[in-house]
Amino acid sequence: SDVAKLWKQVTASIYGSSKDGTARLLQPLATIQDNWNLNFSEDIFNWVTGEYALALLPNSENTTPNWLFVSEKTPELAAGITHLNNIASRSGFNVSSLTLDQQKISAWTKITATSKNNTPINVDTKVKGVHTTLDNYEIFSSDLKTLKTVLSQKQKSLLENPQFQNSFATIPQANQGYIYLDWENSQDILKRQL
């Protein structure tokens with residue numbers, strides 16, 4: 001799949017440019033780009049050559065949805081992760097390793113020392129994003145809670161859903177990708193954006 005080409009075509013067809021498309025079509029994705037100082041087309045999509053998925057997930061704690069990006073492991077993946085690590089470092093974040101339920105996780109974090117009224121100095125950690133390898137995929141997420149949810153899912157994947165398989169069967173196999181919308185779970189996000 002050529003996600004870079006699909007992204008450019010879809011957003012340019014609708015809005016004239018991929019940046020305008022991101023800003024107007026999916027504000028949460030524009031926020032991600034701005035917060036990370038990156039451009040999806042140049043910094044991510046150009047190294048994604050296999051299967052991929054990008055999801056925005058409802059967040060009950062605030063109106064900004066959590067994000068999830070999954071990419072099939074390809075020879076270009078290591079260079080892509082290195083590039084994202086460099087972007088995180090330039091933005092003042094540390095690249096750290098940690099364990100989440102016996103799964104090795106890489107995290108982009110900002111660590112600051114805090115102290116109030118002569119109390120001991122504590123360390124406050126802000127997680128910018130996390131990623132890990134699972135089977136033949138690299139899973140990126142906005143936060144540990146979302147990644148933990150994905151890693152602990154016991155339900156069948158979307159690809160094992162018969163209704164999805166029937167819908168997917170009508171799409172020509174030589175394609176640049178598709179957009180799947182779960183209206184039941186995403187209508188609140190979409191209504192706010194539209």
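Small disclaimer: the values here were computed from a predicted structure and weren't measured.
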Do [X] and [Y] have side-chain N/O donor and acceptor atoms under 3.5 Å apart?
X: Ser71; Y: Glu138; value: no
X: Thr82; Y: Asn85; value: no
X: Ser96; Y: Thr109; value: yes
X: Glu76; Y: Thr74; value: yes

Using the ring of each side chain (for Trp, its six-membered ring), is Trp47 parallel, tilted or perpendicular to Phe69, with breaks at 30° and 60°?
perpendicular

Close side-chain approach of [X] and [Y], heavy atoms under 4.5 Å:
X: Thr125; Y: Lys110; answer: no
X: Leu134; Y: Leu151; answer: yes
X: Leu144; Y: Leu98; answer: yes
X: Thr114; Y: Ile121; answer: no
X: Leu54; Y: Leu68; answer: no

So salt bridge (Lys or Arg N to Asp or Glu O under 4.0 Å) across residues 100-109, not counting sequence neighbours, yields Asp101-Lys148

Transitively linked via ILVMFWY side-chain contacts under 4.5 Å: Ile111 with Val130?
no

Quick one: does any side-chain atom of [X] pair with a main-chain N or O of [Y] as donor and acceptor, under 3.5 Å?
X: Ser91; Y: Phe93; answer: no
X: Asp135; Y: Tyr137; answer: no
X: Thr146; Y: Ser142; answer: no
X: Glu72; Y: Glu51; answer: yes

Report the distance from atom [atom1] of [X] to atom [atom2] of [Y], rounding to the nearest 0.5 Å.
X: Asn66; Y: Thr149; atom1: CG; atom2: OG1; value: 8.5 Å
X: Asp43; Y: Asn86; atom1: CG; atom2: CG; value: 10.5 Å
X: Ser89; Y: Leu84; atom1: OG; atom2: CG; value: 11.0 Å

Would you check, one step at a time, whether the test side-chain contact (heavy atoms from CB on, under 4.5 Å) holds for His131 with Ile139?
CA-CA 5 Å; His131 68 95; Ile139 302 170; over 6 Å; no

Could you walk me through whether Thr133 and Lys73 pass the side-chain contact (heavy atoms from CB on, under 4.5 Å) check?
CA-CA 9 Å; Thr133 301; Lys73 286 179 14 182; 3.6 Å; yes

Assess the residue pair Val95 and Trp108 against the criterion (side-chain contact (heavy atoms from CB on, under 4.5 Å)); give the C-alpha distance rounded to whole Å, side-chain angles, the decisive distance to 0.1 Å, and a yes or no.
CA-CA 5 Å; Val95 179; Trp108 298 297; 3.8 Å; yes

Dump the intermediate steps for side-chain contact (heavy atoms from CB on, under 4.5 Å) on Tyr52 and Phe45, then the final yes or no.
CA-CA 10 Å; Tyr52 61 89; Phe45 296 157; over 6 Å; no

